[in-house]
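Presented below is the structure to which this report refers.
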Amino acid sequence: MKVGIVLGTRPEIIKMAPVIRSCIERRTEFIIVHTNQHYSDNMDKIFFDELELPQPNYNLNIGSGKHGEMTGRMMIALEEVFEKEQLDIVLVQGDTNTVLAGALVASKMGIQVGHVEAGLRSYDRTMPEELNRIMTDHVSDYLFAPTEKQAGIAQAEGIDADKIHTVGNTVVDAVYQGVDIAERNSNVMDRLSIEESGYILMTSHRPATVDSKANLSAVLVAAQEVAKKYSKIVIFPAHPRTVKMIETFQIELNDAIKIIEPVGYLDMLMLQKNSFLIMTDSGGIQEEACILKKKALVMRENTERPEAVEVGGCVLAGNSDSNFIIECAEKLLVKDVDWYNPFGDGTAAEKILTLITR
Ligand code: UD1
Ligand code: UDP
């Protein structure tokens, strides 16, 4: 059994790390193929270093670009690698262009495809990720659904039930494996001179928000106002896409918002764990906040992770109306932290390896 692990962006590296560790522990032969969709050190290298992952066997150096161009170039490069490597299965994780490219090429070559984090749906086809998820699920031989809800979604779309396995989300494995190490090794609180509960942690990178001047301004104003009301500051490790758009739109920020470079995973776990509130449009952070028992405002109109909202950890606050976002914050902040983690028990990667090697 030879496994090809295809990844390309920050969240894929983080959420594939437990799968890579399981391959190493079980001595399952594997290669890592990195499309380099993310390539800046703080979006890529830092995670390989911190999470002590083996270097990729292939770096395809695709970089940024338009969707068709990026996906097409990935497909051409991946086909060459797959031809050379004689893989039995290709694993992809999530919903990025890298995932779609990996799944399409492998399935057309008759290589089995395993989709980690299958069955998620926002039901919003304007999101590039929604198209990637749907297409990847439908060419996959193994759909590793995080929860029963998502297994049910895939089945209702006509996918053979035998292909669908509810294993939990590997993000739980990643958080459990990382949080103690973060406690010991991260000095982010000192570095930023911040204290527990003294700040709101914000992230935003979705095109629906950051590529729109009105929406990007709305979420920034909302964060500033919530910070003012509760006498906090906002720590905002900003995605490069977002930094670019704040500059393009010439949006002025007040002192309440501290924009910093993207941080490593251990720092990010500590920043989440010690925050007063999280405001985000990230998929992974919705899950992590819920796992770490932190309240999070999801600054989106919809979510493919309804579990976090249903258990009460996250609230959908939208991305266009700052007053509504502030209202959502006020309501969420008075609620008890009494939810359970719906995303699994931290053994997703083990289950995935057991299934593909049986
Ligand atoms: C991508 C994924 C998104 C995922 C996100 C995780 C797609 C369609 N989108 O979005 O699903 O949530 O990654 O972060 O696959 N850039 C850099 N350095 C980098 C990477 C990007 O400066 O290392 C800048 C470039 O200006 C680039 C822009 O960010 O044009 C967007 O990068 P891209 O990978 O196209 O999309 P993301 O917004 O990162
Ligand atoms: N993350 C990180 N440093 C940061 C911002 C995010 O380590 O500065 C982590 C975060 O904890 C989560 C993942 O990156 O595990 C989420 O990535 P992102 O929000 O870019 O993508 P999404 O999950 O929305 O696809």
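Every heavy atom of this structure was used, including side-chain atoms; hydrogens, water molecules and symmetry mates were not. Note that ligands are numbered from 1 as they come in the structure, with each ligand's atoms numbered from 1 the same way.
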Salt bridge (Lys or Arg N to Asp or Glu O under 4.0 Å), that's the test. Do E117 and K15 meet it? Break it down for me. CA-CA 9 Å; E117 203 177 76; K15 288 176 168 179; 2.7 Å; yes

From CA spacing to verdict: salt bridge (Lys or Arg N to Asp or Glu O under 4.0 Å), E247, K244: CA-CA 5 Å; E247 283 164 13; K244 198 166 74 179; over 6 Å; no

Please determine if H67 has a nitrogen or oxygen closer than 3.5 Å to a nitrogen or oxygen of ligand 1. no

Can you check side-chain contact (heavy atoms from CB on, under 4.5 Å) on V298 and R305, steps first, answer last? CA-CA 10 Å; V298 179; R305 286 143 169 112; over 6 Å; no

Are M43 and V263 co-members of a hydrophobic cluster defined by side-chain heavy atoms under 4.5 Å apart? no

Atom CD in Q250, atom NZ in K213: separation rounded to 0.5 Å? 7.0 Å

Using a 4.0 Å cut-off to any heavy atom of T96, which atoms of ligand 1 qualify? 2 (C), 11 (O), 15 (O)

So if I count the atoms of ligand 1 from 1 in the order they appear, which ones are less than 4.0 Å from some heavy atom of H239? 14 (O), 29 (O), 37 (P), 38 (O), 39 (O)

For T98, is at least one N or O under 3.5 Å away from an N or O on ligand 1? no

Atoms of ligand 1 less than 4.0 Å from M70 heavy atoms? 35 (O)

So, is N97 polar-close to ligand 1, with some N/O to N/O distance under 3.5 Å? yes

Could you check whether K351 pairs with D173 (Lys NZ or Arg NE/NH1/NH2 to Asp/Glu carboxylate O, under 4.0 Å)? no

Applying side chain to side chain contact (heavy atoms under 4.5 Å, CB included), can you list everything that pairs with F324, at least two apart in sequence or on another chain? D321, E327, C328

Which ligand 1 atoms, with their elements, are less than 4.0 angstrom from a heavy-atom of K244? 26 (O), 30 (O)

What protein heavy atom is closest to atom 12 (O) of ligand 1, reported as residue, atom name and distance in Å? H205 NE2, 2.8 Å

Got the closest protein heavy atom to atom 34 (O) of ligand 1, with its distance? Q37 NE2, 3.2 Å

With heavy atoms and a 4.0 Å threshold, my read on which part of R241 contacts ligand 1 is both

Could an N or O of ligand 1 be found under 3.5 Å from any N or O of R10, whether backbone or side chain? no

Give the intermediate values and the outcome of side-chain contact (heavy atoms from CB on, under 4.5 Å) for residues F82 and K108. CA-CA 11 Å; F82 295 172; K108 279 183 173 265; over 6 Å; no

Do T96 and E12 have side-chain N/O donor and acceptor atoms under 3.5 Å apart? yes

Does a side chain donor of either T347 or D345 reach within less than 3.5 Å of an acceptor in the other side chain? yes

What protein heavy atom sits nearest atom 16 (N) of ligand 1, and how far off is it? Y39 OH, 3.5 Å

Show me which atoms of ligand 1 lie under 4.0 Å from any heavy atom of M43. 23 (O)

Can you name the atoms of ligand 1, numbered from 1 with element, that are less than 4.0 Å from a heavy atom of P240? 16 (N), 17 (C), 18 (N), 22 (O), 24 (C)

The answer, listing residues by chain and number that come under 4.0 Å of ligand 2 through any heavy atom, is R10, P11, I14, F47, H205, R206, P237, P262, V263, G264, Y265, M268, Q272, S282, G283, G284, I285, E288

Under a 4.0 Å N-O cut-off, is there an ion pair linking E304 with R133? yes

Under 4.0 Å to a heavy atom of S40 - the qualifying atoms of ligand 1, by number: 17 (C), 18 (N), 19 (C), 22 (O), 23 (O)

So if I count the atoms of ligand 1 from 1 in the order they appear, which ones are less than 4.0 Å from some heavy atom of E129? 3 (C), 9 (N), 11 (O)

What I want to find out is whether E350 reaches R26 closely enough, with some N-O distance under 4.0 Å, to be called a salt bridge. yes

For ligand 1, which part of H38 has a heavy atom less than 4.0 Å away: the side chain, the backbone, both, or neither? both

Test item: side-chain donor near acceptor, E287 and N169, under 3.5 Å: yes

Select one of side chain, backbone, both or neither to describe which atoms of S282 lie under 4.0 Å from any atom of ligand 1, heavy atoms only. neither

Does the plane of the ring in H239 sit parallel, tilted or perpendicular to the ring in H38? Use 30° and 60° as the thresholds. perpendicular

Tell me the contacting part of S64 for ligand 1: side chain, backbone, both, or neither, using a 4.0 Å heavy-atom threshold, strictly below. side chain

With respect to Q224, which candidate in L253, I233, V234 satisfies the side-chain contact (heavy atoms from CB on, under 4.5 Å) definition? L253

